[in-house]
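Only one structure is covered here, and it is reproduced in the block below.
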Amino acid sequence: MTAQPSANPMPDALWSLGCLFVLKGRSEELEVIDAIVPPHYSPPVHRHDFGAESFYVIEGSARFVLGDHEEVLGPGGFVRVPPSVPHSFETLGDTPSRMLDIITPAGLWDFFAECGESAAELRLPDRIHIPENLPELVARYNGKVLGPPLNRPGLRLEQ
């Protein structure tokens with residue numbers, strides 16, 4: 001992805017949790033977010049109790065874990081995470097992955113905005129910043145942090 005420098009923050013683009021998120025569409029029923037995810041990245045194992053989350057891999061590859069199920073997806077791969085199912089993913093390889101994050105009903109964009117900031121340009125942020133109160137933020141958006149990232153199983157997360 002080529003960066004588009006700008007003096008002003010990009011509308012509907014966020015640097016959040018170490019990723020670049022670009023809102024592609026949003027209604028009460030649906031959010032579609034274009035996500036650029038750094039290599040070797042994994043969010044904590046978590047669940048969403050408000051609805052389903054689906055991922056469509058555009059570039060790169062990622063290992064997805066949903067409950068007891070695990071699969072590796074590359075470009076064109078799709079996975080749906082039903083409501084309240086514990087899940088996480090880990091991007092594989094040494095280049096960023098790009099995926100569409102599809103949420104039904106809408107509910108994650110405001111969370112990503114609270115965890116991050118407006119993106120000054122369309123590129124990955126310079127660092128991965130995880131808010132210290134991440135479990136509290138996830139709970140506020142009708143979810144729960146259940147465990148550490150897949151690639152950091154020894155990481156302790158206060159709940």
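Each residue takes its place number in the sequence, starting with 1. This structure is a prediction, so every number in the text was calculated from the model and none was measured.
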Measure the [atom1]-[atom2] distance between [X] and [Y] for me, rounded to the nearest 0.5 Å.
X    : Y    : atom1 : atom2 : result
L134 : H129 : CG    : NE2   : 9.5 Å
C19  : I36  : SG    : CD1   : 9.5 Å
D110 : L108 : CG    : CG    : 9.5 Å

List the steps, then state whether side-chain contact (heavy atoms from CB on, under 4.5 Å) holds for V79 with Y56. CA-CA 7 Å; V79 65; Y56 177 81; over 6 Å; no
What are the two closest heavy atoms between [X] and [Y], and how far apart are they?
X    : Y    : answer
S84  : D49  : OG-OD1, 2.7 Å
S27  : A106 : O-CB, 3.1 Å
L122 : L20  : C-CD2, 3.7 Å
M99  : F64  : SD-CZ, 4.1 Å
P135 : V145 : CA-CG2, 3.8 Å
T91  : P38  : OG1-O, 2.6 Å

Note: [X]-[Y] ion pair, threshold 4.0 Å (strictly below):
X    : Y    : result
R63  : E71  : no
D34  : R98  : yes
R140 : E114 : yes

Same apolar cluster (I L V M F W Y, side chains within < 4.5 Å links), [X]/[Y]:
X    : Y    : answer
L124 : L100 : no
L30  : I58  : yes
I102 : V57  : no
L150 : L146 : yes
L14  : V32  : no

Would a distance-only check, ignoring hydrogens and angles, find a side-chain to backbone donor-acceptor pair under 3.5 Å from [X] to [Y]?
X   : Y    : value
W15 : D126 : no
H69 : G67  : no
S88 : P43  : yes
H87 : H46  : yes
S16 : F112 : yes
S42 : F89  : yes

So [Y] and [X], do their side chains get closer than 4.5 Å, heavy atoms only?
X   : Y    : result
V45 : V65  : no
P44 : P148 : no
S97 : S61  : no
E53 : R80  : no

Quick check: F78 with F55 (ring centres under 6.0 Å apart)? no
Are H40 and L92 close enough, and set up right, to give a side-chain contact (heavy atoms from CB on, under 4.5 Å), and what steps lead you there? CA-CA 6 Å; H40 312 290; L92 304 174; over 6 Å; no
I need the single residue from F50, F21, Y141 that forms a ring pair (Phe, Tyr, Trp, His ring centres under 6.0 Å) with F111. Which is it? Y141
Evaluate E31 against K24 for salt bridge (Lys or Arg N to Asp or Glu O under 4.0 Å), listing each step before the verdict. CA-CA 8 Å; E31 280 175 343; K24 298 307 238 179; over 6 Å; no
With W109 as reference, evaluate D101, I103, I33 under the side chain to side chain contact (heavy atoms under 4.5 Å, CB included) test and give the passing residue. I33
